Amino acid sequence: MATMNKITEVLAAIKTLYPYYGKETGVEQTVRLWHTVLFPYDDEEVEKALYLCLQSCKYPPSPADISEAVRSFRESSEPTPEELWSEYSEALLKAARLVSCFNYTAVDENGLTQGQNARNKCNEIFESLSPDVKRYIGSYGEFVRRGLENFYGESSKHERERFVRRMSQLKESALYRDRDMLSYRNSAESLGYYD
């Protein structure tokens with residue numbers, strides 16, 4: 001979340017480049033207003049967005065310009081539903097191969113059974129998945145269960161459609177979460193909880 005110190009630094013940078021910017025308003029009032037708008041974003045995101053805006057804006061950037069820049073580079077850095085589907089389906093195929101080894105009892109060089117090594121490897125695969133894919137699956141147990149299912153042909157097509165639809169819903173819920181966070185912040189400020 002953007003701090004008041006970061007907002008003050010941002011405004012100082014803008015003032016350095018545009019000396020007449022904000023002469024009519026008080027510094028404290030301007031910092032509070034900018035903080036209210038940029039609160040949902042991290043300090044690093046706000047700073048990066050400021051520099052992007054300074055490179056492209058003909059006039060001093062507004063909080064809306066910075067918000068737009070943050071949303072823009074967030075969207076461009078996020079994997080597409082197709083990329084997430086590829087990650088998910090590859091992980092399930094690996095899990096399917098490993099799940100078939102869970103009951104092996106031969107001992108490997110590391111002192112664990114082949115079954116335990118397969119379980120450990122399957123868990124590593126699950127833990128390495130992106131947060132959105134893990135959220136879609138739900139848990140490691142569900143990942144193993146899906147690895148046991150036949151994931152080919154017609155069922156794969158239906159699963160892909162369901163997956164892409166769910167990824168869109170997750171992205172939408174993240175946008176609502178940011179909006180709700182800003183709404184909560186505005187309500188708390190109006191009640192005097194933030195100084």
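Note that this is a predicted model, so its numbers are computed, not measured. Hydrogens, waters and symmetry mates are skipped; everything else that's a heavy atom, side chains included, is used. In this chain, numbering begins with 1 at the start of the sequence shown.
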### Val70/Leu38 under side-chain contact (heavy atoms from CB on, under 4.5 Å): CA gap, chis, key distance, verdict
CA-CA 10 Å; Val70 170; Leu38 300 176; over 6 Å; no
### Task
Could you go through the side-chain contact (heavy atoms from CB on, under 4.5 Å) check for Val27 and Leu11 one step at a time?
CA-CA 9 Å; Val27 174; Leu11 289 169; 6.0 Å; no
### Query
What do the steps show when you test Glu82 against Arg160 for salt bridge (Lys or Arg N to Asp or Glu O under 4.0 Å), and what is the final call?
CA-CA 9 Å; Glu82 296 301 324; Arg160 183 178 179 281; 2.4 Å; yes
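Using a 4.5 Å heavy-atom cutoff, the side chains of Leu84 and Tyr136 are not in contact. Residues Pro63 and Leu33 fail the side-chain proximity criterion, which asks for heavy atoms closer than 4.5 Å. Considering only heavy atoms from C-beta on, Val37 comes within 4.5 Å of Ser67 through its side chain. Using a 4.5 Å heavy-atom cutoff, the side chains of Arg146 and Tyr88 are in contact. Residues Met4 and Phe39 fail the side-chain proximity criterion, which asks for heavy atoms closer than 4.5 Å. With contacts defined as side-chain heavy-atom distances shorter than 4.5 Å, the pair Ile14/Val10 qualifies. Side-chain contact check for Tyr51 versus Leu54: some heavy-atom pair is nearer than 4.5 Å. Looking at Glu45 and Phe73, their side chains come closer than 4.5 Å, going by heavy atoms from C-beta outward.
Scanning all heavy atoms of the two residues, the minimum distance from Gly147 to Ala95 falls at CA-CB, 4.3 Å. Between Pro61 and Trp34, the closest heavy-atom pair is O-CH2, 3.2 Å. Heavy atoms only, all atoms of each residue included: Val46 and Ile66 are closest at O-CG2, 4.2 Å. Of all heavy-atom pairs between Phe163 and Pro81, the closest is CE2-O, 3.7 Å.
Of the charged side-chain nitrogens involved, at least one lies within less than 4.0 Å of a carboxylate oxygen, so that Arg145 and Glu142 count as a salt-bridged pair. A salt bridge links Arg32 and Glu28; the closest N-O separation between the charged side-chain nitrogens and carboxylate oxygens is under 4.0 Å. A salt bridge is absent between Glu44 and Lys6: the closest approach of a Lys/Arg side-chain nitrogen to an acidic carboxylate oxygen does not fall below 4.0 angstrom. Here Glu159 does not pair with Arg166 in a salt bridge; the nearest charged N to carboxylate O distance is not below 4.0 Å.
We find the CD-CG distance between Glu83 and Asp132 to be 12.0 Å, quoted to the nearest 0.5 Å. Once rounded to the nearest 0.5 Å, the distance linking OH of Tyr59 with CG of Asp65 reads 12.0 Å. In this structure, NZ in Lys48 is found 12.0 Å from SG in Cys53, a value given to the nearest 0.5 Å. If you take OH on Tyr41 and CD1 on Ile7, they are separated by 11.0 Å, rounding to the nearest 0.5 Å. One finds the NZ atom of Lys134 at 11.0 Å from the OG atom of Ser139 (value rounded to the nearest 0.5 Å). Interatomic distance, Lys15 NZ to Thr30 OG1, rounded to the nearest 0.5 Å: 9.0 Å.
In the hydrophobic clustering of ILVMFWY residues, with side-chain heavy atoms under 4.5 Å counting as a link, Val144 and Leu112 come out apart. Val107 and Leu98 are assigned to two separate hydrophobic clusters, defined by single-linkage of ILVMFWY side chains at heavy-atom distances under 4.5 Å. Linking Ile, Leu, Val, Met, Phe, Trp and Tyr whenever their side-chain heavy atoms come within less than 4.5 Å puts Leu17 and Tyr21 in one cluster.
For the 3.5 Å distance criterion, the side chains of Glu90 and Ser86 qualify, holding a donor opposite an acceptor. No side-chain N or O of Thr8 forms a donor-acceptor pair with one of Asn5 less than 3.5 Å apart.
Side chain of Asp108 to backbone of Asn110: no donor-acceptor contact under 3.5 angstrom is found. At least one donor-acceptor pair under 3.5 Å links the side chain of His35 to the backbone N or O of Ala2. In this structure a side-chain-to-backbone donor-acceptor pair under 3.5 Å is present from Arg119 to Phe102. With hydrogens and angles disregarded, no donor-acceptor distance shorter than 3.5 Å links the side chain of Glu127 to the backbone of Glu124. In this structure, Gln114 contributes its side chain and Cys101 its backbone to no donor-acceptor pair below 3.5 Å.
Around atom CG of Asn103, no more than 12 heavy atoms belonging to other residues, nucleotides or ligands sit under 6.0 Å away.
Ring geometry, Tyr140 versus Phe143: the interplanar angle falls from 30° to 60°, so the pair is classed tilted.
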